[in-house]
Amino acid sequence: MNTKDIYVLGIETSCDETAAAVMKNGRTLLSNVIFSQVELHKEYGGVVPELASRNHIETISICVDKAIKEAGVEKEALDCVAVTNGPGLVGALLVGVSYAKSFAFGLNKPLVAVHHISGHISANYIESDFEPPFVALVVSGGHTHLYYVKSYNDYELLGKTRDDAAGEAFDKVARVLGLGYPGGQQIDAAAKKGDPMAITFPKALMDNSLDFSFSGLKSAVLNYLNKCKMTGQDIVVENVAASFQRAVVEVLTEKALQAAKEKGAKKIALAGGVASNSQLRAAMAEGCKLNGLDLNLPKPIFCTDNAAMIATRGYYDFLSGRFAGLELNAVPSGLAME
Ligand code: KG4
Ligand code: ZN
């Protein structure tokens, strides 16, 4: 039996976080460095792709050096370099991919290409003994997907959003409520002070399919705010935030439970930035308990973009020998996940 420890360096630059991390044997976190660009994009109310790429270029080598130093391993001791190559912003992805390629080439180490969503799902393995099979609800700024994760390398897509991603809806509603950027955390905080039953916003259940739609809900919030302004009715921001959040959380929870039922799954895992939402975590915990299901919730720091999840995913690709060549390119729309 091979008992050698495997050290994987993960690199993530798909959006507005420059991140690098080192994982041992896919599960043990040795370092997790995240340089967030939030302050840079704040004044524009969203991520400016060109600014994101330029900032990744400035910080990537500092970020990787820091991750290796904090992990307490020598560069030469790394077994593999794993990098996100899609989906994401093309210029941002290219910085990480180019850096990872030259780093791996210079050290003569294997390179692994990681799909960002499968990275998010792998956050469930960090510092935990959670294993497939399970239903994964991936909710982030760019994705709202339900997968049945049959094994580490076998994903079945069960449903996805037909328009906006859940995180996108949080960000847009936060903007119209004047709560600032990034919106998810602001709505989460404001909702704690509001009444979730104050307003009934529509929930798009999509004929019981496992697909999602959030654009109608976003319009309903806008219409409500316009109506208040026209009729002179007071807008209680906390109540709007709490009621909007309730609508999103109810749909996400219902569909995740429905997916588990349809697949006969015993476990559900959350992933992606919106998975750090306090109300979603509470509702999923309650729903899973009522249905006798196990729920795995990554720590919030592993829900939003990070490189530990990329290193973890890379570990499983390393084990199955799925390496990338130096012709590896960024794929902004992402390849199909196997
Ligand atoms: O996974 P992530 O960091 O980046 C993408 O891959 O998109 O997710 C970012 C998204 C943003 O839309 C942000 O508003 C949302 O996650 N988010 C939240 C919370 N924290 C971050 N949404 C709801 N509640 C939160 N606490
Ligand atoms: Zn992400």
Side-chain angles (χ1 to χ4, degrees), residues 10-19 21 32 34-38 41-42 45-47 49 52 83-89 92-93 96 114-124 126 136-145 160-161 164-177 179-192 194 196 212 214 217-218 241-242 244-253 269-284 297-310 312-313 332-334 337:
I11 298 178
E12 156 65 43
T13 64
S14 68
C15 190
D16 60 344
E17 264 95 24
T18 317
N32 186 31
I34 305 170
F35 289 170
S36 168
Q37 301 179 357
V38 157
H41 301 288
K42 213 172 207 164
V47 178
V83 63
T84 307
N85 79 318
L89 303 168
L93 287 165
V114 173
H115 191 289
H116 187 73
I117 299 183
S118 87
H120 270 302
I121 292 172
S122 305
N124 283 281
I126 301 172
L137 172 67
V138 188
V139 273
S140 73
H143 318 281
T144 304
H145 288 55
K160 62 178 179 171
T161 183
D164 292 356
E168 206 177 339
F170 268 97
D171 293 337
K172 285 179 181 165
V173 167
R175 196 179 312 164
V176 294
L177 287 176
L179 289 173
Y181 167 87
Q185 275 177 324
Q186 315 289 343
I187 293 213
D188 198 346
K192 290 201 171 100
F212 302 90
F214 293 107
L217 172 60
K218 183 186 65 190
F244 159 77
Q245 183 174 270
R246 172 171 69 92
V248 177
V249 165
E250 281 179 4
V251 174
L252 293 176
T253 307
L270 297 193
V274 181
S276 56
N277 182 270
S278 58
Q279 192 49 42
L280 177 62
R281 293 169 87 89
M284 283 299 310
L297 297 170
K299 280 188 193 157
I301 190 71
F302 301 130
C303 289
T304 42
D305 286 351
N306 66 87
M309 66 187 197
I310 304 304
T312 292
R313 178 60 246 172
S333 57
M337 243 162 70

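Read the numbers this way: they start at 1 and go in the same order the structure lists the ligands and their atoms. This one's a predicted model, so the numbers in the text were calculated from it and none came from an experiment.
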Please find out if the Zn ion (ligand 2) and some N, O or S atom of His143 are separated by less than 2.8 Å.
no

Please determine whether His120 has a backbone or side-chain N, O or S atom lying under 2.8 Å from the Zn ion (ligand 2).
yes

Taking 4.0 angstrom as the limit, do Lys192 and Asp188 come out as a salt bridge?
yes

In terms of side-chain heavy atoms, does Asn85 have a donor or acceptor partner in His115 at a distance below 3.5 Å?
no

side-chain contact (heavy atoms from CB on, under 4.5 Å) between Lys172 and Asp164, intermediate numbers included
CA-CA 10 Å; Lys172 285 179 181 165; Asp164 292 356; 3.7 Å; yes

Just by modelled atom types, is the Ala275 backbone N or O under 3.5 Å from a matching donor or acceptor in the Arg281 side chain?
yes

Taking only heavy atoms of the protein into account, state which residues are under 4.0 angstrom from an atom of ligand 1, in chain and number order.
His116, His120, Ser140, Gly141, Gly142, Gly167, Phe170, Asp171, Gly184, Gln185, Asp188, Gly272, Gly273, Val274, Ser276, Asn277, Cys303, Thr304, Asp305

Gln245 side chain to Ala242 main-chain N or O, any donor-acceptor pair under 3.5 Å?
no

Could you check which N/O/S atom of Asp305 is closest to the Zn ion (ligand 2)?
OD1

How long is the span from the NZ atom in Lys42 to the CG atom in Asp16, to the nearest 0.5 Å?
12.0 Å

Short side-chain to backbone donor-acceptor contact, Asn124 and Leu270, under 3.5 Å:
yes

